[in-house]
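Single-structure report; data block below.
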Amino acid sequence: MIDVRLLRSDPEGVRASLARRGAPLLLQQIDEATAFDAGLRDISAERDSLRSSINELSKQVAGLRRDGQDAEAEQAMTTSRSLGDTERVLQAEFDRVNAQLRDALLSIPNFPHVDAPDGAGDHDNPVVKGPIGLASHFPDHQRVPHWDTATELGILDNERATKISGAMFTMQRGLGATLSRALCQFALDQNADAFEEIRPPSLVTTATLTATGHLPKFADEAYAIERDDLWTIPTAEVPLTSLHAGEILDEAVLPVRLMAYTPCYRREAGAAGRDTRGMLRSHEFDKVEILAISTPEQAPTLLQELVARAESLMVQLELPYRIIEICTGDMGASHHRSFDIEVYAPGCDAWLEVSSVSWFTDYQARRADIRFKRTGQKGTEIAHTLNGSALAVPRVWAAIMENHRQADGSVRIPDVLRPYMRGATEIRPR
RNA sequence: GGAACGGUGGCAGAGCGGCCUAAUGCACUUGUCUUGAAAACAAGAGGGUUAAUAGCCCCGGGGGUUCAAAUCCCCCCUGUUCCGCCA
């Protein structure tokens, strides 16, 4: 949620910044929000002066009663009663306009960073680094999609996953299952120097899912457990962001750095049949997320750090990758600036998004009410949040299957993963 | 799942319709004193809204009763203890 005060102090700046997202309806929403805000301030001023009178009269009643001046007390009560009637009407009006303002504000996206590239859609996202480690030519044995090779190796059994749970679920077996877990453990270990490991709940309340911006807009994307009014998390970003919701943090503890492995659940509504083969897209997958809550000043450096950390994992896994920056027309609503890391999979002949790192400024923190107090200063400020996938397991898993496939059909385990694979150096047919 | 009792300022804890603009203690900040600290004494100290040090709002959350609610009523959330069930 953007700061409503900016609508008042710098309406032109707000319009200019959001216009870069290329959504014409937005400007109208801004006007509506501005009008609601102005109306709300008039109403609350009038309501508050009434309340002031009522409070004053109530004190008088107490005094008059003590002094035994019952007739005067009755009169004050009558006056106060009629003021109360008007106050109630104004309050109802306040509630109504306030709800309208909130709805309007919730649908207004975040401001893009001044340096974020302009563009209309994902085809305009510039490559800002790489490709790195990309061979000019891939031999035939690497040009086989992982859904064929992994199934043949007996480490991917999507047919039975579908039997158990329906379409778009995956199941890894044997060293394939071990590899998934190894990737998680590897990603956690690589970031344990600076991030506290959390094992958060995977089921969260409506309020928690709203704080990150996933509700109300993306309700169709999450699994709802209606009987208990809970939702499955689409990413660890959800519980981690709300870890400090409603709290006022001391500046000294910032940046708060958290990381978590969690399963991620996504309905993928509307995505059926698209990029769904093998491990490319599924309703449930594993991911290690890294996240920071910071001051505004700390955020730019942290953004670079999160990208560098995700990138480092791809280097160590010996996978060809590139980094793209998300343009204004493709950016998520809550994002201020975003970078994706993509890994090349020669079998699919596709760049697979394996990490997305974003800076949200105060957009999420305002919804989640995460504030901080500067040392020695009065008042509070809204914190900034940033997060990124350290490693999204399935697509990295797929990329390993295809990039590290050897001429004899076996798959070489990258050195860094071997300690997590009970010493296995390759995956051979059983 | 059942029962009982709770949720008040950083912490502990009083208040149970109107001098509550929430006592008291501890912790905290500043000042006096001191070479410095401790102690003592004095003062101060929450969050939100607003142009505002005006007013208004915040005693788990929401609703209600009342001229007036931390205080009474209803619903919800949550904690502790006991019982039941259970990996």
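All values below were derived from every heavy atom in this structure, side-chain atoms included, with hydrogens, water molecules and symmetry-related copies excluded. Per chain, numbering begins at 1; letters A, B, ... match sequence-line order.
Rounded to whole Å, the separation between the P atoms of A52(B) and G1(B) comes to 48 Å. Separation of the C1' atoms belonging to C16(B) and A68(B) is 16 Å when rounded to the nearest angstrom. Taking atom C1' on both G6(B) and U71(B), the two are 16 Å apart, rounded to the nearest angstrom. Nucleotides G17(B) and C72(B) are separated by 8 Å at their C1' atoms, to the nearest Å. Across G18(B) and A70(B), the matching P atoms stand 10 Å from one another, rounded to whole Å. Spacing of P atoms, U53(B) relative to G48(B), comes out at 12 Å, to the nearest Å. For the P atoms, the distance from A22(B) to C56(B) is 14 Å, rounded to whole Å. The gap from the C1' atom of G46(B) to that of A38(B) amounts to 29 Å, rounded to the nearest Å.
The separation between Phe94(A) atom CZ and C56(B) atom P is 15 Å, rounded to whole Å. In this structure, the CZ atom of Arg88(A) is 14 Å from the C1' atom of G63(B), given to the nearest Å. For the pair Ile43(A) CD1 and C57(B) P, the interatomic distance rounds to 17 Å; values are reported in whole Å. Here the P atom of nucleotide C56(B) and the CD atom of Gln91(A) are 15 Å apart, to the nearest Å. The separation between Met77(A) atom CE and U65(B) atom C1' is 13 Å, rounded to whole Å. Taking atom CZ on Arg81(A) and atom C1' on U65(B), their separation rounds to 13 Å, with Å as the unit. Regarding Asn98(A), its CG atom lies at a distance of 13 Å from the P atom of G62(B), rounded to whole Å. Distance Arg65(A) CZ to G17(B) P: 17 Å, rounded to the nearest Å.
Side-chain contact check for Glu237(A) and Thr212(A): no donor-acceptor pair (N or O, by modelled atom type) lies under 3.5 Å. Side-chain contact, Asp340(A) with Ser356(A): a donor N or O sits under 3.5 Å from an acceptor N or O.
In terms of phosphate contacts, Asn55(A) brings no side-chain nitrogen or oxygen within less than 4.0 Å of OP1 or OP2 of G55(B).
Here Asp286(A) does not pair with Arg181(A) in a salt bridge; the nearest charged N to carboxylate O distance is not below 4.0 Å.
Nearer the 5' end of RNA chain B, as judged by each residue's closest nucleotide, is the contact made by Arg47(A), out of Arg47(A) and Ser80(A). Along RNA chain B, the nucleotide nearest to Ser52(A) and the one nearest to Asp95(A) differ in position, and the one closer to the 5' end is contacted by Ser52(A).
The stretch residues 190-202 of chain A participates, sequence neighbours left out, in these side chain to side chain donor-acceptor pair (under 3.5 Å) pairs: Gln190(A)-Gln316(A), Asn191(A)-Arg309(A), Asp193(A)-Arg309(A), Arg199(A)-Ser202(A).
By the 30° and 60° cut-offs, the orientation of the rings of His336(A) relative to Trp359(A) is perpendicular.
Using a 4.0 Å cut-off on heavy atoms, the residues of residues 56-64 of chain A that approach RNA chain B are Ser58(A), Val61(A), Ala62(A), listed by number.
Taking Asp37(A) as the reference, Arg8(A) meet the salt bridge (Lys or Arg N to Asp or Glu O under 4.0 Å) condition, with sequence neighbours excluded.
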Practice problem: Would you give a per-nucleotide map of nucleotides 47-53 of chain B, 5' to 3', where B means the base has a protein non-hydrogen atom under 4.0 Å away, S means only the sugar-phosphate does, and - means neither? | Solution: SSSSS--

Quiz item: Taking protein heavy atoms under 4.0 Å as touching, what does nucleotides 69-80 of chain B look like 5' to 3' if B marks base contact, S marks sugar-phosphate-only contact and - marks none?
Solution: ------------

Practice problem: Dot-bracket notation for RNA chain B is requested: 5' to 3', Watson-Crick or G-U wobble pairs only, both distances under 3.5 Å, with ( ), [ ], | and . as defined. | Solution: ((((((((.[[[..)..(.....]]].(((((.......))))).((((.....)))).[[[[[..)....]]]]])))))))....

